[in-house]
Amino acid sequence: MPEGPSIVILTEQTREFAGRTILRAEGDAKIDTSRLLGERVRALRSWGKHFLIELDGFSVRIHFLLFGSYRINGRKDAVPRLSLGFSKGELNFYACSVQYVEGELLRTYDWAGDVMSDAWDARQALAKLRAMPDTLACDAVLDQAVFAGAGNIIKNEVLFRIRLHPLSRIGALPATRLRELVKEVRQYSFDFLAWKKAGVLKENWLAHTKTVCPRCAIPFSMGKLGKTRRRSFWCERCQKRYGD
DNA sequence: TGGTTTGTTGCAGC
DNA sequence: AGCTGCAACAAACC
């Protein structure tokens with residue numbers, strides 16, 4: 001559920017709820033759900049891994065973290081974190097983080113930083129990366145201030161696809177390699193989206209959870225690298241390491 | 001069956 | 001002060 005493309009799918013699946021009025025709001029989220037009663041949904045959006053229900057002057061921000069789930073016009077056998085009943089249909093969210101965001105979404109969020117957004121700006125991402133030369137590639141891809149929506153699967157697949165070692169220092173990358181990194185995070189995110197929709201995401205993984213390199217057939221390395229300590233899968237032979 | 005994880009926050013300790 | 005490591009959260013998968 002968690003990475004950006006999956007949230008894009010959720011916004012598409014809930015498009016029909018735009019314009020509807022919230023008639024019932026409950027759940028064990030630590031927010032005042034009564035505030036939602038009578039509110040009309042202006043839009044459903046995603047920013048990175050955030051799912052946003054835009055209302056008048058404020059929004060509901062849902063983050064699914066690692067374990068969150070949802071049901072559209074259905075329920076699962078669990079207490080919902082947030083359950084919204086509309087004039088027609090209902091939305092149920094489980095095991096997620098729910099917060100209010102005050103003000104206008106289009107002003108409060110950095111839409112150029114969302115890898116799935118039409119407003120995505122590769123040049124701004126490049127500038128952010130240049131300002132963090134000591135950061136490792138494996139941490140940089142997971143940085144939501146640079147690549148909002150990128151997660152651990154995207155990290156491993158992108159670094160393998162462009163043959164870049166996860167322990168490379170960002171400041172040691174030649175300009176062409178840095179541009180390639182930015183371009184591929186966006187490109188792979190859309191491949192992820194298409195494969196997820198087609199139900200073939202896992203079948204297309206080249207590196208994530210793999211034990212053998214599909215290019216040269218030597219065993220993959222695996223370790224919890226960088227400040228983020230997230231699992232990395234890489235090939236010592238195929239993925240070039242810059243800096244040290 | 002139990003270990004693992006597509007994620008983030010907050011806090012203790014250094 | 002700023003960094004890092006860890007716990008907490010909590011559910012499906014293999």
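Letters A, B, ... are given to chains in the order of the sequence lines, protein chains preceding strands, and every chain is numbered from 1.
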When the distance from [atom1] of [X] to [atom2] of [N] is rounded to whole Å, what number comes out?
X	N	atom1	atom2	value
Ile7(A)	dT8(B)	CD1	P	10 Å
Arg81(A)	dA10(C)	CZ	C1'	8 Å
Lys76(A)	dA10(C)	NZ	P	13 Å
Asn152(A)	dT6(B)	CG	C1'	7 Å
Tyr70(A)	dA10(C)	OH	C1'	19 Å
Lys224(A)	dG7(B)	NZ	P	13 Å
Lys155(A)	dT8(B)	NZ	C1'	15 Å
His208(A)	dT4(B)	NE2	C1'	11 Å

Practice task
Verify salt bridge (Lys or Arg N to Asp or Glu O under 4.0 Å) between Arg45(A) and Asp114(A), making sure each step is shown before the conclusion.
Solution key: CA-CA 12 Å; Arg45(A) 304 182 190 277; Asp114(A) 174 8; over 6 Å; no
Strictly below 4.0 Å: does [X] bring a side-chain N or O up to OP1 or OP2 of [N]?
X	N	result
Lys49(A)	dT6(B)	no
Lys202(A)	dC14(C)	yes
His63(A)	dG7(B)	no
Arg231(A)	dT5(B)	yes
Lys227(A)	dT8(B)	no
Arg230(A)	dT6(B)	yes

Practice task
Can you sort out the partners of Ala145(A) under side-chain contact (heavy atoms from CB on, under 4.5 Å), two or more places apart, ordered by chain and number?
Solution key: Asp143(A)
Problem - Evaluation steps, ring-ring contact (aromatic ring centres under 6.0 Å, His included), between Phe160(A) and Phe220(A) - result: CA-CA 11 Å; Phe160(A) 179 74; Phe220(A) 260 130; 5.6 Å; yes
Exercise for the section: Decide yes or no for Ile53(A) and Leu84(A): does some side-chain heavy atom of the first lie under 4.5 Å from some side-chain heavy atom of the second? Expected result: yes
Fill in the blank from the handout: Its dot-bracket string being built from Watson-Crick and G-U pairs below 3.5 Å, with | for another strand and [ ] for crossing, DNA chain B has the pattern .||||.||||||||
Handout entry: dT4(C) to dT6(B) separation - C1' atoms, rounded to the nearest Å
Key = 24 Å
Handout entry: Pairwise P distance, dT4(B) and dC6(C) [rounded to whole Å]
Key = 15 Å
Practice task
May I ask you to say whether Lys88(A) pairs ionically with Glu16(A), meaning some side-chain N is under 4.0 Å from a carboxylate O?
Solution key: no
Exercise for the section: Could you pull out the closest heavy-atom pair between Ala140(A) and Leu129(A), with the gap in Å? Expected result: CB-CD2, 3.9 Å
Practice task
Would you check if the side chain of Gln144(A) reaches a backbone N or O of Leu142(A) as a donor-acceptor pair within less than 3.5 Å?
Solution key: yes
